[in-house]
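Excluded from the calculations below are hydrogen atoms, water molecules and symmetry mates; all remaining heavy atoms, backbone and side chain alike, are included.
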Number of protein chains: 2
Amino acid sequence: MARTRRADPRGITLADIARAAGVSKITVSRVLRGGPVAGETRDRVLEIVRRLGYVPNRLAGTLSSAGSNLVGVIIPSLANIVFPDVLRGAEAVLDAAGFRSVVGVTDYDPAREEGLIEAMLAWRPAGLIVTGLEHTDRSRAMLTHAGIRVAELMDLDGAGLDIVVGLSNRAAGRASARHLIERGYRRLAYVGHDLGQDRRAAKRFEGFREALSESAAALVATELMPGRSSAAAGREGLARILDRDGGVDAVYFSNDDMAMGGCFLCLARGIAVPDRVALFGFNGLDLAQALPQPLSTIRSPRVRMGEVGARLVCGREPATVVDLGFELVPGATA
Amino acid sequence: MARTRRADPRGITLADIARAAGVSKITVSRVLRGGPVAGETRDRVLEIVRRLGYVPNRLAGTLSSAGSNLVGVIIPSLANIVFPDVLRGAEAVLDAAGFRSVVGVTDYDPAREEGLIEAMLAWRPAGLIVTGLEHTDRSRAMLTHAGIRVAELMDLDGAGLDIVVGLSNRAAGRASARHLIERGYRRLAYVGHDLGQDRRAAKRFEGFREALSESAAALVATELMPGRSSAAAGREGLARILDRDGGVDAVYFSNDDMAMGGCFLCLARGIAVPDRVALFGFNGLDLAQALPQPLSTIRSPRVRMGEVGARLVCGREPATVVDLGFELVPGATA
DNA sequence: TTGAAAGCGCTAACAC
DNA sequence: GTGTTAGCGCTTTCAA
């Protein structure tokens, strides 16, 4: 046995192909990467590669050439379709460009994000895509010193590190308020979920209140449900608002999931929407547009954020901020 | 310059730490992996590691030691919450066990799956998690010869390669039919989406028809909508069934998304559910349980499938088939 | 057009 | 407890 040890006992290596083809390793390497090789040699090598089912080891290739095709993608959650949408956009672009995405889920915890960033950096990825602009100091330090492109997605309200792609949640909140005010609603309520975790929802609410304070309308009730956003939470939150009454004529929800719960409550109780109470969400989910009354909401360019972020993170353009904006969907509930 | 070339110009290496600490590389390596090192040496090394922000290169580590912490996860889509649910379960278990998940999306295309399997194998992952039992011959060959654990999730109706974790979609279809029959429905309809792509939905439909053929009930209408499942498609499909009439008294949908569309149509048209027409779905999405009338459906253990698949793929147990079953949710629509 | 030698950053094996 | 040597499987460099 010439070999003392084999990392992967079943692994066929370049050397095996080279030996079988009667050429050197580097020639096989060239064939595989389209280098200058005689046609006949190329055919012979490729035939053997195919017959043996050889798959080049990218670990070795990357270590040797310093060009990884891994890109880390870190999102807060997979439980809400919003983030899979972003991931979907990123994955499509990365895949088409020959990159593999390594996915991490923070559960909205900055400390977990920090751990994930470190774990991903260990694989020397070509780039890193993260969610939002809020990170621990150490996360920031790692991202800055890693020497790779970093894209921060889904938020524009704050300072970014390199590439920032998203929308202004504050502006979205303001636009939502202005829409309700223009429609004549004056006694508004807010039904949200845990805003300590969901910083972007918190920024929308801030923008919403900002716009109200400059208007004739007022926020007369706020219901913050503990935990994640869900239709059940939105339904329960609206129930509490309506049971207390107080003459609320429109409700702004932290997102479409919550707002759909509100729609369901009104359907169940036979409450006239928007005559008795108007409902407004955020995200523009397809499902909410298939409701008996399409939800009034703001559509966020989720897939597009993933696409643009991925494209930029793989490119060489200078640091930039891309505002993808949002679209107000009038719907029928406000 | 002793060094001719540096793969990563900004990269600090083990050698840099060793030099700064006045020890050999292997000692630093031991410190980092908890090997036997004197307390004082350990402290000195760790201090330098921290100060320099050194993150060990796992490419090199893995190449050297043959122990990758990457696991490939291949799913058909990210657009339907069902697959992010599975991914979420897998990610949670993998992350807790120190593994990173490399994600691939096939778009329901076996050829793309084949390409993804090859691309992932190039990273010599510790294991691979795929969706369903249908694969191209070459995919099968690669998975069999890779010498790693492979888990196939979400389907039990067919032959697996190594680890199989899921539920019998055929049995779920049968159970759905039996439930409707027991409730007294006799003129049934089916509203589905593209079953050529979604093999699991096709198997449910097969089971459904099987059970019907042994009963007094009959399938009197079928509406297959092109493309992916969606509330809009379900709504439109049910509209066609009802517009044709034919005395249909219950409708089985390919999944909850489609069924919710059906619910929305009935709400919009004021059709009494389940008196005029009963509706039945598949998946048990939370959202469908927050509807004014909770959807009658079958709950699939999606997160659990991901968890169990991930746990087994990282372990050493022999090849096995795990039937996680399903739960019929009576709901209020059938 | 092809090859030999050196090295990517790390760890296993075996000294000392 | 610590170091030396020899790779892991590939690509780069330089030469033929």
Side-chain angles (χ1 to χ4, degrees), chain A residues 1-45 49 52 54-69 121-125 147, chain B residues 1-45 49 52 54-70 121-126 147:
Chain A
M1 281 282 279
R3 276 209 174 69
T4 333
R5 188 179 48 128
R6 289 200 61 155
D8 178 358
R10 322 217 188 180
I12 300 159
T13 74
L14 256 195
D16 297 327
I17 305 294
R19 203 172 311 120
V23 296
S24 72
K25 294 192 301 175
I26 188 61
T27 297
V28 178
S29 175
R30 283 182 182 125
V31 168
L32 260 18
R33 290 175 305 141
V37 178
E40 195 222 346
T41 314
R42 151 166 288 113
D43 293 344
R44 184 154 34 97
V45 169
V49 163
L52 269 52
Y54 170 64
V55 178
N57 183 336
R58 279 209 77 111
L59 257 80
T62 302
L63 182 61
S64 176
S65 73
S68 165
N69 76 341
L121 254 20
W123 282 101
R124 299 299 187 263
Chain B
M1 281 283 278
R3 275 208 175 72
T4 334
R5 188 178 50 126
R6 290 200 59 153
D8 177 357
R10 320 216 190 181
I12 300 160
T13 73
L14 207 56
D16 298 327
I17 305 294
R19 203 173 310 120
V23 295
S24 72
K25 294 192 301 176
I26 191 64
T27 298
V28 179
S29 175
R30 284 181 182 128
V31 168
L32 262 17
R33 290 175 302 140
V37 179
E40 196 221 349
T41 315
R42 152 167 285 115
D43 294 344
R44 185 154 34 99
V45 168
V49 164
L52 269 51
Y54 169 64
V55 179
N57 184 334
R58 279 209 76 111
L59 262 86
T62 302
L63 183 60
S64 175
S65 73
S68 166
N69 76 342
L70 295 178
L121 253 20
W123 282 100
R124 301 296 187 264

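Between A/Ile12 atom CD1 and D/dC10 atom P there is a gap of 11 Å when expressed in whole angstrom units. Between the CG atom of B/Asn57 and the C1' atom of C/dG7 there is a distance of 14 Å, rounded to whole Å. When the C1' atom of D/dG9 is taken as reference, atom CZ of A/Arg19 falls 13 Å away, rounded to whole Å.
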Please step through side chain to side chain contact (heavy atoms under 4.5 Å, CB included) for the pair A/Arg124 and B/Val55, ending with a clear verdict. CA-CA 9 Å; A/Arg124 299 299 187 263; B/Val55 179; 4.1 Å; yes
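Taking side-chain N and O atoms only, A/Tyr54 has no distance below 4.0 Å to OP1 or OP2 of D/dG9. Remark: B/Arg58 is not in phosphate contact with C/dC10, judged by side-chain N or O atoms under 4.0 Å from OP1 or OP2. Under 4.0 angstrom from either OP1 or OP2 of C/dG3 there lies at least one side-chain N or O belonging to A/Ser24. Remark: B/Arg30 is not in phosphate contact with D/dG1, judged by side-chain N or O atoms under 4.0 Å from OP1 or OP2. The shortest distance between the side-chain N/O atoms of B/Thr27 and the OP1/OP2 oxygens of D/dT2 is not below 4.0 Å. The side chain of A/Ser65 contributes no N or O atom lying less than 4.0 Å from OP1 or OP2 of D/dC10.
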Under 3.5 Å, sequence neighbours excluded: what are the donor-acceptor pairs made by side chains of residues 34-44 of chain B?
residue : atom : partner : partner atom : Å
B/Arg42 : NH1  : B/Val37 : O            : 3.4
B/Arg42 : NH2  : B/Gly35 : O            : 3.2
B/Arg44 : NH1  : B/Ala21 : O            : 2.4

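When distances run from any side-chain atom of A/Arg33 to the nucleotides C/dT2, D/dG9, D/dT12, the shortest one goes to D/dT12. The side chain of B/Ile26 lies closest to D/dT4, out of C/dA4, D/dT4, D/dG9. Checking D/dT11, D/dT2, D/dG3 against every side-chain atom of B/Val23, the shortest atom distance belongs to D/dG3. The side chain of B/Leu14 lies closest to C/dC10, out of C/dT1, D/dC10, C/dC10. For A/Ala38, counting side-chain heavy atoms from C-beta on, the closest listed nucleotide (D/dG1, C/dT1, D/dT11) is C/dT1.
Residues in residues 21-36 of chain A take part in these side-chain hydrogen bond (donor to acceptor under 3.5 Å, both in side chains) pairs, two or more places apart or across chains: A/Ser24-A/Thr27, A/Ser29-A/Arg33.
Terminal axes of the helix from C/dT1-D/dA16 to C/dC16-D/dG1 (five pairs each, C1' rotation axis) are separated by 30°, to the nearest 10°.
Side-chain atoms of A/Ser64 and base atoms of C/dG7 include a donor and an acceptor less than 3.5 Å apart.
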